[in-house]
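Values below: all heavy atoms of this structure, side chains included; hydrogens, waters and symmetry mates excluded.
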Amino acid sequence: MSEELSDLLKVRREKLLEFKAQGMEPFPYKFERDSTASQIQEKYGHLQGHDESPKEVTFAGRIMTKRGHGKASFATLQDESGRLQIYAKEDVLGKDKYELFLKLDMGDIIGVTGVVFRTKMGELTVRVDKWTLLCKSLHPLPEKWHGLQDKELRYRERYVDLLVNPDVKDVFVKRSRILSSIRKFLEGRGFMEVETPLLHVLQGGAAATPFETYHDALSMPLFLRIAPELYLKRLIVGGFEKIFELGRVFRNEGMSFKHNPEYTMLEVYEAYADYHDVLKMTEEMISTIIKETTGKFNIEYKGETINFEPPFKRIPLIEALKHFGNIDISGKTEDQIRKIGKDKGIEGALEIGAGKIINELYDKFVEPNLRQPTFIVDYPIETSPLAKKKRDNPKLVERFELIVAGMEIANAFSELNDPLDQRERFKKQAELKAAGDVEAESMDEDFLRALEYGMPPAGGLGVGIDRLVMLATDSPSIRDVLFFPHMKPISKVVESEEMEILDQSESKRKTK
RNA sequence: GCGCCGUUAGCUCAAUUGGCAGAGCAGGACACUCUUAAUGUCAAGGUUGAAGGUUCAAUUCCUUCACGGCGCACCA
């Protein structure tokens with residue numbers, strides 16, 4: 001804390017001391033309340049004229065507004081359920097306690113006991129017969145009717161954003177409901193929730209750059225997981241048949257309105273199913289969740305109407321390229337595809353291979369044009385090293401993605417369970433890695449051994465939960481659906497301290 | 001990583017061509033016993049994101065940096 005406090009902060013600290021001097025505990029341990037703001041609204045909403053509640057109520061909340069009138073004053077308390085007005089009068093509280101009441105600041109948390117009545121202006125109000133300070137606030141709240149607007153501050157100080165911008169809370173309530181809706185859906189179909197390691201020895205399960213960390217006692221580098229996929233499949237080998245994991249994954253990549261370095265992914269695996277089964281389940285799950293959490297299939301997202309009523313469109317990738325990009329890759333050789341890529345303005349990845357080029361063409365010409373929920377089906381084998389070959393075309397794999405509003409929401413395939421084929425795919429990935437592809441999968445011998453014991457045929461699915469929440473809450477950025485989106489630290493002091501810490505762990509690493 | 005835009009009081013925003021940095025809310029003092037954006041009066045509050053430069057003079061023009069927003073690139 002800096003030496004020089006602004007006047008506003010000083011005043012609040014002085015008030016804190018004054019409350020103490022008057023024998024009040026500014027940070028007590030507990031408060032028994034018998035109602036919330038909304039319970040009182042509901043229970044006594046019928047009061048009219050000079051009616052009063054037969055009994056006193058006791059509730060607590062943060063002071064959000066204050067209106068003083070000399071020997072009587074109004075304030076509004078906010079708790080999780082909502083807001084309720086209170087009315088304090090000197091002749092009820094006595095001179096001393098009323099004067100202390102006037103000293104309260106917006107942001108202070110108090111408990112109140114009193115009878116409920118309706119004011120002349122018609123507002124349901126609790127008359128303060130007794131009040132207790134529950135927490136002295138030392139920092140002023142933002143302006144009362146514009147709230148907190150500055151996006152940077154809203155993300156950095158989300159606790160303030162949540163207090164003064166009620167819509168923000170709704171987004172996160174909905175996020176929570178989506179998570180329970182997913183669990184309900186899957187558990188209702190016999191799936192079991194499992195947890196697998198976040199710290200991985202090898203990079204695998206997706207094409208992405210991992211975060212690296214270090215285990216001091218074991219003297220070894222570790223990766224924060226980019227996907228739980230390979231561990232979940234080991235569990236399918238181990239005999240579980242219907243499992244899912246709902247958890248955080250980490251990707252060391254750029255940030256954007258749809259990317260945060262850590263995000264929440266759902267992965268689902270079902271033994272004896274293929275990607276056709278998974279597609280049907282995905283369609284049911286996504287439409288059910290949207291219906292359950294928004295009340296309808298038709299939602300508004302960034303000004304466009306998106307219809308989640310099943311069935312969703314299904315388009316093979318090759319068809320989609322033809323339709324949206326006027327690109328025909330069927331039966332083309334790698335060189336021909338490379339030429340198409342060049343003609344269509346694909347910059348990077350031209351050397352790496354046909355699959356990657358097709359991927360780029362798809363990202364550029366198809367994905368942004370898919371607004372309504374659409375399954376893109378059957379992908380090139382090179383970019384899907386964990387998926388089974390399509391049964392009638394070995395250049396493709398049985399894989400689909402679900403695209404909504406130009407965003408990839410889900411990704412699924414018939415899981416590759418042939419250990420010999422998987423070994424070949426890993427080898428190809430190793431070649432890519434050697435050629436400089438930082439996202440290529442690592443050769444995972446333990447995973448191969450698991451497959452050698454035998455994994456039943458299985459379908460697997462990954463769903464980007466944050467993006468789903470964006471759609472359900474009409475949030476334009478992933479940062480709006482994360483309580484604390486990743487932000488660079490502001491203070492230079494903090495930065496240099498962090499550098500020191502990094503330096504220390506760096507030198508520790510070297511000495512071990 | 002690149003491009004564009006932004007950063008002024010605790011919060012929300014002004015400031016003409018480069019000419020004394022202003023208001024509302026919050027906070028302070030006073031008045032006021034049914035207000036709800038309470039009201040009225042008075043006083044206070046600023047290293048204009050940071051560092052340089054140009055100029056008699058910079059919130060304003062130039063350079064660099066920091067942070068953020070949006071777009072692009074990369075990815076899910």
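When the side-chain nitrogen and oxygen atoms of A:Arg479 are compared with OP1 and OP2 of B:rC70, one or more of them lie within a distance under 4.0 Å. When the side-chain nitrogen and oxygen atoms of A:Lys144 are compared with OP1 and OP2 of B:rU36, none of them lie within a distance under 4.0 Å. The side chain of A:Arg67 places an N or O atom within less than 4.0 Å of a non-bridging phosphate oxygen (OP1 or OP2) of B:rA38.
Counting to the nearest Å, the C1' atom of B:rA76 and the CD1 atom of A:Ile376 are 16 Å from each other. Between A:Lys151 atom NZ and B:rU12 atom P the separation is 13 Å, expressed in whole Å. A:Glu14 places its CD atom 15 Å from the P atom of B:rG27, with the value rounded to the nearest Å. Here B:rC25 presents its P atom at 22 Å from CG of A:Asp150, a figure rounded to the nearest Å. Between the CD atom of A:Glu99 and the C1' atom of B:rC30 there is a distance of 14 Å, rounded to whole Å. In this structure, the CE atom of A:Met64 is 13 Å from the P atom of B:rA26, given to the nearest Å. Going from atom CG of A:Leu77 over to atom P of B:rU35 covers 19 Å, rounded to whole Å.
Within 4.0 Å (heavy atoms only), A:Tyr155 reaches sugar-phosphate atoms of the nucleic acid but no base atom. At a threshold of 4.0 angstrom between heavy atoms, the contacts of A:Glu439 are confined to the sugar-phosphate backbone, with no base atom among them. Across all strands, A:Gly68 comes closer than 4.0 Å to base atoms (heavy-atom distances). Counting any heavy atom pair closer than 4.0 Å across all strands shown, A:Asn260 reaches a base atom. Within 4.0 Å (heavy atoms only), A:Gln149 reaches sugar-phosphate atoms of the nucleic acid but no base atom.
If you look at A:Phe375 and A:Phe312, their ring centroids are closer than 6.0 Å. In this structure, A:His50 has its ring center at least 6.0 angstrom away from the ring center of A:Phe117.
Of all the heavy atoms in A:Ser53 and A:Leu47, the pair that sits closest is N-CD1, 3.9 Å. Nearest heavy-atom pair across A:Lys174 and A:Thr473 is CD-CG2, 3.6 Å.
With both ends at atom P, the span from B:rG53 to B:rC74 equals 42 Å, rounded to whole Å.
Heavy-atom neighbours of A:Asp91 CG from other residues, nucleotides or ligands within 6.0 Å: above the threshold of 12.
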